[in-house]
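Model, not experiment: these values are computed from the prediction.
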Amino acid sequence: MATPLGWSQGGSGSVCLAFDQLRDVVESQEELIHQLRNVMVLQEENFVSKEEFQAVEKKLVEEKAAHAKTKALLAKEEEKLQFALGEVEVLSKQLEKEKLAFEKALSSVKCRALQESSKKDQLITKCNEIESHIIKQEDILNGKENEIKELQQVISQQKQIFRNHMSDYRIQKQQENYMAQVLDQKHKKTSGTRQARSHQRPREK
């Protein structure tokens with residue numbers, strides 16, 4: 001029969017890994033918001049058109065909303081993980097106590113069986129009941145472990161969605177930079193043509 005305490009330590013490691021993944025998602029979203037703010041500042045300094053500025057501003061608002069939604073979801077999932085972990089810890093301690101009691105009872109049974117053959121059957125039955133109870137407790141712990149795995153899958157899915165969102169934003173950012181360069185070149189070309197015309201007119205007179 002497996003030792004519950006050893007299992008509990010392994011489960012805690014899995015939960016810690018899940019929390020690290022949660023923190024990675026939140027930090028990535030905060031970094032994205034910071035980058036969007038820098039983009040807005042740079043666009044204001046480079047005299048970006050009002051439409052482009054509003055588009056970036058709208059994108060920032062959407063990212064903030066998505067960030068807030070993700071943080072709320074992560075907080076909810078973290079609360080579930082903490083609750084499940086607390087239950088596992090309580091059950092593990094209870095199971096460890098019952099295991100010690102069972103081992104003590106079993107040792108007592110073996111000793112008394114040699115001295116009191118008339119009570120042997122009753123004591124063995126009692127030990128079987130204790131052992132059955134321990135098995136039920138182990139089943140409960142296994143169920144809690146499955147709940148934690150399901151929560152970890154939810155976190156992984158949320159992280160993948162965020163990565164896809166980041167990829168779409170990078171593509172849009174590249175398109176916006178390309179359009180800004182085209183507009184800037186067009187503006188420079190138009191200014192150069194006007195200056196050339198202004199120099200030609202006095203010569204024609």
Side-chain angles (χ1 to χ4, degrees), residues 1-34 63-168:
M1 183 165 50
T3 302
L5 184 59
W7 177 90
S8 177
Q9 292 176 350
S12 298
S14 299
V15 172
C16 291
L17 177 60
F19 289 166
D20 291 338
Q21 294 175 345
L22 287 171
R23 282 191 286 269
D24 290 342
V25 172
V26 173
E27 291 175 358
S28 297
Q29 287 190 329
E30 290 177 349
E31 178 63 22
L32 176 59
I33 291 175
H34 179 70
E63 289 298 334
K64 285 183 178 179
H67 178 62
K69 184 177 180 180
T70 302
K71 286 188 72 175
L73 178 61
L74 293 180
K76 184 177 180 181
E77 297 300 331
E78 183 178 4
E79 183 179 356
K80 290 181 181 179
L81 285 172
Q82 291 289 356
F83 181 78
L85 185 60
E87 287 185 332
V88 168
E89 184 177 0
V90 171
L91 290 172
S92 296
K93 290 181 179 179
Q94 181 180 352
L95 185 59
E96 184 65 21
K97 290 180 180 179
E98 291 177 352
K99 181 183 176 183
L100 293 175
F102 170 74
E103 291 175 350
K104 183 178 180 180
L106 183 60
S107 177
S108 178
V109 167
K110 290 179 179 180
C111 180
R112 290 182 182 182
L114 298 175
Q115 299 175 359
E116 302 177 17
S117 59
S118 62
K119 297 181 179 180
K120 182 177 66 175
D121 293 337
Q122 295 179 355
L123 292 173
I124 292 176
T125 300
K126 182 63 177 179
C127 289
N128 290 334
E129 291 176 354
I130 296 173
E131 185 174 9
S132 177
H133 181 68
I134 291 175
I135 293 173
K136 290 179 180 179
Q137 292 295 318
E138 289 179 339
D139 291 338
I140 293 174
L141 288 174
N142 291 333
K144 295 300 178 182
E145 182 180 14
N146 292 333
E147 290 180 7
I148 291 175
K149 290 180 179 179
E150 291 176 358
L151 291 173
Q152 288 175 338
Q153 290 178 356
V154 171
I155 293 170
S156 297
Q157 292 174 357
Q158 290 295 324
K159 192 170 184 180
Q160 184 61 41
I161 291 172
F162 177 76
R163 287 175 178 171
N164 294 337
H165 188 65
M166 284 289 296
S167 178
D168 292 340

* Is a side-chain donor or acceptor of Thr70 paired with a backbone partner of Ala66 at a separation under 3.5 angstrom? -> yes
Is it the case that the side chains of Asn164 and Gln160 hold a donor-acceptor pair, with the cut-off being a distance below 3.5 Å and no angle test?
yes
Discussion item. Would you say that Glu77 contacts Leu73 through its side chain, given a criterion of any heavy-atom pair below 4.5 Å between the two side chains?
Written reply: yes
| So does Lys71 have more than 12 non-hydrogen atoms from other groups sitting under 6.0 Å from NZ? | no
query: So do the side chains of Glu89 and Lys93 get within less than 4.5 Å of each other, counting heavy atoms only?
result: yes
_Residue pair Gln137, His133: steps toward the side-chain contact (heavy atoms from CB on, under 4.5 Å) verdict_ = CA-CA 6 Å; Gln137 292 295 318; His133 181 68; 3.5 Å; yes
Rounded to the nearest 0.5 Å, the CD atom of Glu63 sits from the NE2 atom of His34 at a distance of 14.5 Å
For Cys127 and Phe102, the nearest pair of non-hydrogen atoms, with its separation, is O-CE1, 3.5 Å
Heavy atoms of Ile134 and Glu98 approach each other most closely as CD1-O, 3.9 Å
- Query: Would you say Ser92's side chain and Val88's backbone share a donor-acceptor pair under 3.5 angstrom?
  - Reply: yes
The reported gap from NZ in Lys144 to CG in Leu141 (rounded to nearest 0.5 angstrom) is 9.5 Å
Here the gap from Lys159 atom NZ to Ser28 atom OG, rounded to the nearest 0.5 Å, amounts to 7.0 Å
Checklist entry - Crowded around Glu79 CD? As in, over 12 foreign heavy atoms under 6.0 Å? => result no
* Backbone N or O of Asn128 within a donor-acceptor pair of the Ser132 side chain at under 3.5 Å? -> no
